[in-house]
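These notes concern the structure reproduced below.
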Amino acid sequence: MAADSVERFLTALDPGHREAIDAKPRQEQERLAAAWERELEADDELDTLDELSPPAAEAEAARRVLEREAD
C-alpha cells in the first residue's frame with residue numbers, strides 16, 4: 001500500500017486517535033488505511049458528503065473504521 005494512503009488516513013483522524021494509530025506497527029496502519037479506503041469507496045452517503053466537504057467525508061470514514069475495530 002502506498003505510504004500516502006496511510007498518511008491520508010492519519011490526517012483524517014482526530015488528534016487523539018491519530019497519535020494512537022501512529023504508534024501501531026506499520027502493517028496495522030496499512031490494514032486500517034485499506035479499510036478506510038474501502039469505506040470511502042463503498043458508502044454512497046459519504047459520496048454526497050464528499051461533494052460538500054471532502055475532509056468531513058474522510059473523517060467520518062475514519063471514525064467508522066475505528067468504531068468497527070473497537071467492537
Side-chain angles (χ1 to χ4, degrees):
M1 170 168 291
D4 58 324
S5 292
V6 172
E7 292 304 315
R8 286 181 48 230
F9 173 62
L10 290 171
T11 299
L13 295 169
D14 63 75
H17 286 111
R18 185 178 309 126
E19 199 172 293
I21 299 302
D22 197 36
K24 291 186 179 287
R26 183 67 181 185
Q27 186 175 11
E28 180 69 5
Q29 291 175 2
E30 290 175 354
R31 185 185 69 75
L32 291 169
W36 173 73
E37 291 278 358
R38 286 189 302 274
E39 184 72 23
L40 283 170
E41 292 172 4
D43 194 305
D44 292 338
E45 182 181 302
L46 290 176
D47 286 342
T48 303
L49 181 57
D50 188 50
E51 291 177 17
L52 300 172
S53 174
E58 291 179 352
E60 176 61 18
R63 185 194 65 76
R64 292 177 184 183
V65 167
L66 292 182
E67 187 176 273
R68 276 197 302 274
E69 288 295 311
D71 289 343

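Computation of the quantities below employed the complete heavy-atom set of this structure, encompassing side-chain atoms and omitting hydrogens, waters and symmetry-equivalent molecules.
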Looking at every heavy atom in both Leu13 and Ala62, which two are closest together, and how far apart are they?
CD2-CB, 3.7 Å

Between the CD atom in Glu45 and the CD atom in Glu60, the distance rounded to the nearest 0.5 Å is 7.0 Å

Between the side chains of Arg64 and Glu67, is the shortest nitrogen-to-carboxylate-oxygen separation below 4.0 Å, so that they form an ion pair?
no

Would you please name every residue forming a salt bridge (charged side-chain N to carboxylate O under 4.0 Å, His left out) with Arg38, sequence neighbours left out?
none

How many angstroms lie between atom CD of Glu37 and atom CG of Leu40, to the nearest 0.5 angstrom?
6.0 Å

Look up atom CG in Leu32 and atom NE2 in His17, then write down how far apart they are to the nearest 0.5 Å.
11.0 Å

Ignoring hydrogens and geometry, is there a side-chain-to-backbone donor-acceptor pair from Trp36 to Glu58 under 3.5 Å?
yes

Side chain of Gln29, backbone of Lys24: donor and acceptor closer than 3.5 Å?
yes

Count the heavy atoms of every other residue, nucleotide or ligand shown that sit under 6.0 Å from CD of Glu19, and state whether that count exceeds 12.
no

For residues Arg18 and Leu10, report the shortest heavy-atom separation together with the two atoms involved.
NE-O, 2.7 Å

